[in-house]
Amino acid sequence: MIKLYNTLAGKKEEFKPLEEGKVRMYVCGLTVQDRPHIGHIRAAVTADILKRYFEYSGYTVTLVTNFTDIDDKIIAKSQETGEDFRKIGSRIIEEYLENSDRLNIKRADYYPEATKHIQEIQEFIVKLIEKGFAYVSEGNVYYDVSKFSGYGKLSGKNLDELRVGARVEPDETKRNPVDFALWKAAKPGEPWWESPWGRGRPGWHIECSAMSMHYLGETFDIHGGGADLIFPHHENEIAQSEGVTGKPFAKYWVHNGFLNLSGEKMSKSIGNVVLVSDILKIYEPDVVRLYLLSTHYRSPMDYYEERLKEQEGGYQRLKQVLFLLSQERGDGGESEKEVIERFREAMDDDFNTPKALSVIYSYTKDIFEIMKENPGRLWIISAKRTLKEMLGVLGLFELEEAEYIKQDEELIELLLNLRSDLREKNLFELSDKIRDGLKKLNIEIEDTQEGSRWKKV
RNA sequence: GGCGGUAUAGCCAAGUGGCUAAGGCGACGGUCUGCAAAACCGUUAUUCACCGGUUCGAGUCCGGUUGCCGCCUCCA
């Protein structure tokens, strides 16, 4: 039984899918105005862990992660640099997906972009106007927040307080300062699309409502994203979607905590960002994953490079134990139920990855100990399977087996070179020892005029 | 000001009322070793921000205080 914290309920709840055996989830990706930083990837890894663990638990998961590729900031950036706004978007999307692949984040099933769903967005707005939730004002369309009685239920805010909040930008064309734009009229020089209300572009929140409904239906299981999206973004999405359908939008709302830098939220506007691309130049992807998973996804995290570096110790340890176990080739066997059980308990409890990692680490300790006593082949294969099963759910060390094979090959080359040197010095007793030793490992050496070759037999 | 979160060892971090407070990193001591690395063993929180309360029993529940963070404006 998986429990997850639902922001809407303010507590952990048992996960019950809307449709047996299936999980439909939508996670807000990024607004593609700037290169992805480590905070963005924390959200992506969080979504990835949910997807992987649900799949491991037998669910079929449909994951949608959007890219908002048109908004004020992107336009501003485009006007500033002269680069076409579409180009900015596609460049950043490319970098994001490349980072994401390197970190072994499973691809979402869909990565919809706002500008490719203008049709759906407009249809959505039309419905909101028809139902009286939205009004047109000088080429803009606004959502009339006062018409939606549930407004504030996600973020725990109430309208009166929001109205008092002076920080909401007053706009003469709005009826009420808290109303938000569904469609924005284009100013001269801005990108636009034709619409029933004149040339313009979608507002910020509408694309997520339109696209999530398009790909996942009117009601789906999980909606997620960073904690800063709770208000106003997700609150507004609820108002839009439930306004149109009259049905609950998402059943569970999952928000990941922030990654702060020097005690402050990592943010483009403050300028204190650490790019994923820069981190990956220095650290192994698995080290970065271990780092992100070492804190529960809802807890805030402070970024310090030393803490990332710290993870290298654990990384080496895990690598070492896998290497030790890889002496027995082959997979299969049974995994150790009791260990897996503890792992699942941790993950069932709102995806508690730090706890899950502690199960892995203490199991690693057991393996080292038992390996000293020459356990049988079956035990080793079972241990390997158990360990890889758990690591796989966390998306760790999935590429290692192939690497070890490569490492073995390099090792054999090293021995052959050593043997050649010995033969040149006529130290045949030692060189034969190498040949006999390798033969026992089913590796045969053939000496040819061009040098030594080897093959597995 | 309102809302939400958080406070556990040198650092990171579990702990969702009950045996001696997980796990990792680091540090120190030891075993092993030609040297080194790895591995292994041991040590490293009488105490969980503070003050009260509930309870046979609280890090865990309740009330209060303080610190830190986030949201309330674009933001993963």
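What you see is a predicted model; the values in this text were computed from it and never measured. Naming convention: chains lettered A, B, ... in sequence-line order (proteins, then strands); numbering from 1 in each chain.
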All N/O contacts under 3.5 Å from nucleotides 21-29 of chain B to the protein, with atom names and distances to one decimal?
{"unit_1": "B:A22", "atom_1": "N3", "unit_2": "A:Ser358", "atom_2": "OG", "d": "3.4"}

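- Residue A:Gly225 is in sugar-phosphate contact alone, with no base atom involved, counting any heavy-atom pair closer than 4.0 Å across all strands shown.
- In this entry the distance linking CE of A:Met347 with P of B:G15 reads 13 Å, nearest Å.
- In the set B:G5, B:G70, B:C74, the nucleotide with an atom closest to the side chain of A:Lys73 is B:C74.
- Out of B:A76, B:G5, B:C72, the shortest distance to the side chain of A:Tyr5 is found at B:G5.
- Side chain of A:Thr31, nearest nucleotide from B:C71, B:G5, B:A76: B:A76.
- B:U43 sits 27 Å from B:C50 when the P atoms are compared, rounded to a whole Å.
- Listed candidates were B:G15, B:C71, B:C40. Nearest to the side chain of A:Phe368 is B:C40.
- Neither OP1 nor OP2 of B:A76 sits under 4.0 Å from any side-chain N or O of A:Thr46.
- With hydrogens and angles ignored, the 3.5 Å screen pairs a side-chain donor or acceptor of A:Arg289 with a backbone N or O of A:Asn104.
- On the C1' atoms, B:U55 is 13 Å away from B:U60, given to the nearest whole Å.
- Applying the ring-ring contact (aromatic ring centres under 6.0 Å, His included) rule to pairs touching residues 64-112 of chain A yields A:Phe67-A:Tyr96, A:Phe67-A:Tyr111, A:Tyr110-A:Tyr215, sequence neighbours excluded.
- Centroid-to-centroid, the aromatic rings of A:Tyr303 and A:Phe258 stay 6.0 Å apart or farther.
- Residues meeting the salt bridge (charged side-chain N to carboxylate O under 4.0 Å, His left out) test with A:Glu14, sequence neighbours left out: none.
- Counting non-hydrogen atoms under 4.0 angstrom, A:Asn352 reaches the backbone sugars and phosphates but no base.
- Taking atom C1' in both B:U47 and B:A58, one finds a spacing of 13 Å when rounded to whole Å.
- Each of A:Asp72, A:Asp69, A:Asp71 was checked for a salt bridge (charged side-chain N to carboxylate O under 4.0 Å, His left out) with A:Arg201, and the lone residue meeting it is A:Asp72.
- For the OP1/OP2 pair of B:A76 and a distance below 4.0 Å, the side-chain nitrogens and oxygens of A:Arg42 include no atom meeting the criterion.
- In terms of position along RNA chain B, the nucleotide closest to A:Arg307 lies nearer the 5' end than the nucleotide closest to the other residue of the pair A:Arg307 and A:Glu369.
- Here A:Asn260 does not reach the OP1 or OP2 of B:C68: none of its side-chain N or O atoms lies under 4.0 Å away.
- Salt bridge status for A:Lys106 with A:Glu55: present, with a side-chain N to carboxylate O gap under 4.0 Å.
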